[in-house]
Number of protein chains: 4
Amino acid sequence: MTNLSFFVFAFGPAFGMNPQVDVNPRKFPRQARARATVEAIIVATAQLLTEEGFEALTTARVAERAGVSVGSLYQYFPNKRALAAAVVDHHSEKLVAAFDAAWQSHDTLAAAVDSMIRAALVTHPHRPELHRALNELAPRVGRAEKAQQISARIAGLIETVLARHRHELAPDLEPADAAALIETVLETVSHRAIQDHPASIPDEKAVIQCRRLILAYLTSPCIGVG
Amino acid sequence: MTNLSFFVFAFGPAFGMNPQVDVNPRKFPRQARARATVEAIIVATAQLLTEEGFEALTTARVAERAGVSVGSLYQYFPNKRALAAAVVDHHSEKLVAAFDAAWQSHDTLAAAVDSMIRAALVTHPHRPELHRALNELAPRVGRAEKAQQISARIAGLIETVLARHRHELAPDLEPADAAALIETVLETVSHRAIQDHPASIPDEKAVIQCRRLILAYLTSPCIGVG
Amino acid sequence: MTNLSFFVFAFGPAFGMNPQVDVNPRKFPRQARARATVEAIIVATAQLLTEEGFEALTTARVAERAGVSVGSLYQYFPNKRALAAAVVDHHSEKLVAAFDAAWQSHDTLAAAVDSMIRAALVTHPHRPELHRALNELAPRVGRAEKAQQISARIAGLIETVLARHRHELAPDLEPADAAALIETVLETVSHRAIQDHPASIPDEKAVIQCRRLILAYLTSPCIGVG
Amino acid sequence: MTNLSFFVFAFGPAFGMNPQVDVNPRKFPRQARARATVEAIIVATAQLLTEEGFEALTTARVAERAGVSVGSLYQYFPNKRALAAAVVDHHSEKLVAAFDAAWQSHDTLAAAVDSMIRAALVTHPHRPELHRALNELAPRVGRAEKAQQISARIAGLIETVLARHRHELAPDLEPADAAALIETVLETVSHRAIQDHPASIPDEKAVIQCRRLILAYLTSPCIGVG
DNA sequence: GATGAATGAGTTTTCATTCAT
DNA sequence: TATGAATGAAAACTCATTCAT
């Protein structure tokens, strides 16, 4: 049940890139100006990632877009992958924060599930292309671990809620497994909702279907086994 | 409800790569020797894609692994992306064929759903890394369209089955929407099953959960509408 | 006064290409079919040279255009430069033949000059692009020598004519020098005529100007010597 | 009367090379060091063009000869053709400047013609091979237009001079046509003079012949019209 | 600190030429 | 003899990274 990623990272162990390269920022910007520089670089990276993908990302273009020189870029980031890692980190923070904020406790299971779905949709980065890029990037960029942490954390939140509504659940349901499954489903379905209707998020039809799927799963006794 | 991808392609419109580059094979091998060459190149590409990812793919390495010269490679494929596209095509064919083969008609809805799940698991490429690589690659490589076709085709198959068991379904269920949702869920869940237990496919626990999820969704009346 | 080229080759000693490569045909086609093959190859080369220039000439394209295989091409031509050399040779023959044919003896100097100009215009290859390509090609392709021969031969013809009309010429004119100069002028002016009015050759205005230039030169006594 | 090229470009519209490739410099060197680099690259290109021709020109050799890295070369020039274009541009400037400088007004037509010839000979690049290379290169390298401009400009200068000496000219001479013809002749003849006697420019014999040709043309009434 | 010029290893891609069938 | 598959050296071009100013 590991490896489930709710938001940022769909995939398991890193692959395709030498993992021993250090990807962490070189130093933290102290002065305000430096902080602005770093911020600009991260924003530029995110934009280019969204527009063109990782293949087309070059340090020169990032620097140009950010309005700084390559030299400055390398002052804060040791290599190209560190750029992408920084973007992943940056957005991870945002995601977790947003998710936590959207989360509330509710009286009924139905209301709780609604809250989950709402949180999932709301906390997705609004630009699905960036989301996708981050999803694909994280493991390649040395951020697979962090992905799993977030994933697990969200599954944990879900499990807590389920426990709170244990009496409404089908009795033979394993809460941990159910939580993991729901995390996966939420991830998938909100992905789809965003792809199909990027403009009108949350897409009500998708929300209704999703709620139905999850609620039915949680409350129906096991039928038709084997 | 487009853009659902069951097997090969999780994502929407291509991005991240200049689309006007032609990605189609340069010519078809006529002689047996040439056919073997092309085959070897595709196999080598698939291997390297699996092992190292698209970033690390170089035409030189593909040629080396395939035991041919770069020249031979370029005789049949106009560029690097065409290699990946060929792999996608190659496996798409296999997938559709496998899926069709695994498909059977059954008496009960439960049995039909079992059949779906079984087909989903069975027809996944056994190397999940390749599957993932293909998933990510397809849109970047000019194969987004084909992805949607396959997706839609599988959703269509599912819809047919649902229609056949209409009397067992919750009456307020839209068959087309349900089929699309199931396609998405199957894709995701079988992904996860493979990632978590690559050795023992099909993972029985995942299968049971998945069946439960889908059956509950299909048969429960809509409850707890907010 | 060497190096003057009337038709085919404007420039002096070969440069830019290793001269020790043999450029002569490999063998002469004996059978009719083989002769047709060689013919087709030369025609195809000439076309591609005209359309795309020497840079873009590849043996594969020549073979394709000629409707034969590369292998067949190499059966008759040892290397790429030999192709161009063959075209040069081929057209040289044609040029000389055409020039000889257009040449007639006339009563007056004016009529003789007219004849020269007419011959120059008529015997230019009708596709000026090919002409230019050949011009540039000859020295690079080991055919500089032949170019000079043709050049000299035409200058010789002109000198003969001048001698025949010696009494009409300015007395202090050196016939050999004059012939060489005229050869050069004819070359240039007919070039220009073709470039400016490719459709309507001979361009009457250019012909008149040219005649005036040459006749004035031949008949005026030397004036205004600095 | 376009398309006459006095110095740099003997031929008409570009051919033989894909024209949509951008040939302009990538960026202008700002720092002194960069300016030196660009200068070195242009000089090296000119040398290699002279010694070996365009066929044998490789970016690696240019860089080596210039004492810089390929990377530096590509920082300023987007491709190989841009190198040649830069050389053409560079020398065009020089040519026009030199021509303007050599130009003077004179009392008699004969003196004016002498001045033209002198200017033509003097302002030729001293290395005729480079001149030839530039001549052939200009159109292939996207510089045909510029060629025509220079051509036209020189013809214009000549026409002005002719107008100033209108009373000495044959009355039925069209000044514009005559200027264009003279431009062509000067180009050709100085070419030949340089080729035949590269060491002793100006070659007195050629100068005398050339003056005679032009003066006779300008002053003789039209004779022997067909 | 910031800049951007310089580097060069590493890739992609081409194409003349050979040779087994 | 004809074919066209295979070759691989060689060329163009990129881009992450360094470092003098």
Side-chain angles (χ1 to χ4, degrees), chain A residues 21 27 29-31 33-34 37 56-64 68-83, chain B residues 27 29-38 56-63 67-81 83, chain C residues 21 27 29-31 33-34 37 56-64 68-83, chain D residues 26-27 29-38 55-64 67-83:
Chain A
V21 174
K27 64 179 177 188
R30 298 188 183 280
Q31 301 177 8
R33 185 165 54 129
T37 298
L57 192 76
T58 70
T59 52
R61 291 186 73 192
V62 169
E64 188 192 7
V68 301
S69 65
V70 234
S72 294
L73 189 157
Y74 274 90
Q75 199 119 57
Y76 296 105
F77 302 93
N79 52 54
K80 186 182 152 181
R81 284 170 61 193
L83 287 174
Chain B
K27 65 177 179 187
R30 297 180 188 285
Q31 302 180 7
R33 186 167 49 135
R35 221 158 17 234
T37 298
V38 168
L57 193 77
T58 72
T59 52
R61 292 187 68 194
V62 170
V68 303
S69 65
V70 234
S72 292
L73 189 157
Y74 275 93
Q75 197 130 64
Y76 299 102
F77 301 95
N79 51 53
K80 193 178 128 178
R81 283 171 63 192
L83 287 174
Chain C
V21 175
K27 63 180 179 188
R30 300 190 182 280
Q31 301 178 10
R33 185 165 55 128
T37 296
L57 193 76
T58 70
T59 51
R61 292 186 72 189
V62 169
E64 188 191 7
V68 302
S69 65
V70 234
S72 295
L73 188 156
Y74 274 90
Q75 199 118 59
Y76 297 105
F77 302 93
N79 52 53
K80 186 182 150 182
R81 284 171 60 193
L83 287 174
Chain D
R26 253 183 178 147
K27 65 179 180 186
R30 298 182 187 284
Q31 302 179 8
R33 186 167 49 135
R35 228 168 0 246
T37 297
V38 168
E55 321 282 346
L57 193 75
T58 72
T59 52
R61 292 186 69 194
V62 170
E64 188 190 5
V68 301
S69 64
V70 234
S72 291
L73 189 157
Y74 276 95
Q75 196 131 64
Y76 299 102
F77 302 95
N79 51 54
K80 193 176 127 176
R81 284 171 63 193
L83 286 174

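So that the names make sense, note that chain A is the first sequence line, chain B the second, and so on, each numbered from 1.
When rounded to the nearest whole Å, the span between CZ of B:Arg35 and P of F:dA5 equals 11 Å. What separates CD of B:Gln75 from C1' of E:dT13 is a distance of 13 Å, to the nearest Å. Atom CG in A:Leu73 sits roughly 13 Å away from atom P in E:dG4 (whole-Å rounding). Rounding to whole angstrom units, CD of residue D:Glu55 and P of E:dA16 are separated by 11 Å. Nucleotide F:dA6 holds its C1' atom 6 Å from the CZ atom of B:Arg33, rounded to whole Å. Spacing between atom OH of A:Tyr76 and atom P of F:dT18 amounts to 17 Å, rounded to whole angstrom units. Protein atom CD of D:Gln31 is 17 Å distant from nucleotide atom P of F:dC19, rounded to whole Å. Spacing between atom CZ of D:Arg61 and atom P of F:dA12 amounts to 11 Å, rounded to whole angstrom units.
Within the nucleic acid shown, D:Thr37 comes within 4.0 Å of sugar-phosphate atoms alone, with no base atom in reach, counting heavy atoms only. Residue C:Phe77 is classed as having no contact, given no heavy-atom separation below 4.0 Å to the nucleic acid. In this structure, D:Thr58 reaches the sugar-phosphate backbone alone: every heavy-atom distance under 4.0 Å involves primed, P, OP1 or OP2 atoms, never a base. Within 4.0 Å of C:Leu57, counting heavy atoms only, lie sugar-phosphate atoms of the nucleic acid but no base atom.
Checking side-chain atoms of A:Lys80 against main-chain N and O of A:Leu57 turns up a donor-acceptor pair under 3.5 Å.
Residues C:Thr59 and C:Asn79 have side chains not in contact (no heavy-atom distance under 4.5 Å, counting atoms from C-beta outward). Counting only heavy atoms from C-beta outward, the side chains of D:Arg26 and D:Phe77 never approach each other to under 4.5 Å. By the 4.5 Å heavy-atom criterion applied to side chains, A:Val62 and A:Val68 are not counted as neighbours.
Judged by closest nucleotide on DNA chain F, D:Pro78 is the one of D:Pro78 and A:Pro78 placed further toward the 5' end. Residue order along DNA chain F, read from the 5' end via each residue's closest nucleotide, puts B:Lys27 first among A:Lys80 and B:Lys27. If you find the closest nucleotide of DNA chain E to D:Ser72 and to B:Asn79, the one lying nearer the 5' end belongs to D:Ser72. Summary of the strand contacts: D:Val70 and D:Ala36 both lie near DNA chain E, and taking for each the nucleotide with the nearest heavy atom, the more 5' one is attributed to D:Ala36.
Between A:Ser69 and E:dG4 there is no side-chain N or O to OP1 or OP2 distance below 4.0 Å. Of the side-chain N and O atoms in B:Tyr74, one or more sit less than 4.0 angstrom from OP1 or OP2 of E:dT13.
Applying the Watson-Crick and G-U wobble criteria (two distances, each under 3.5 Å), E:dG4 pairs with F:dC19.
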**Derivation and outcome, side chain to side chain contact (heavy atoms under 4.5 Å, CB included), residues A:Gln75 and A:Lys27** = CA-CA 8 Å; A:Gln75 199 119 57; A:Lys27 64 179 177 188; 3.3 Å; yes

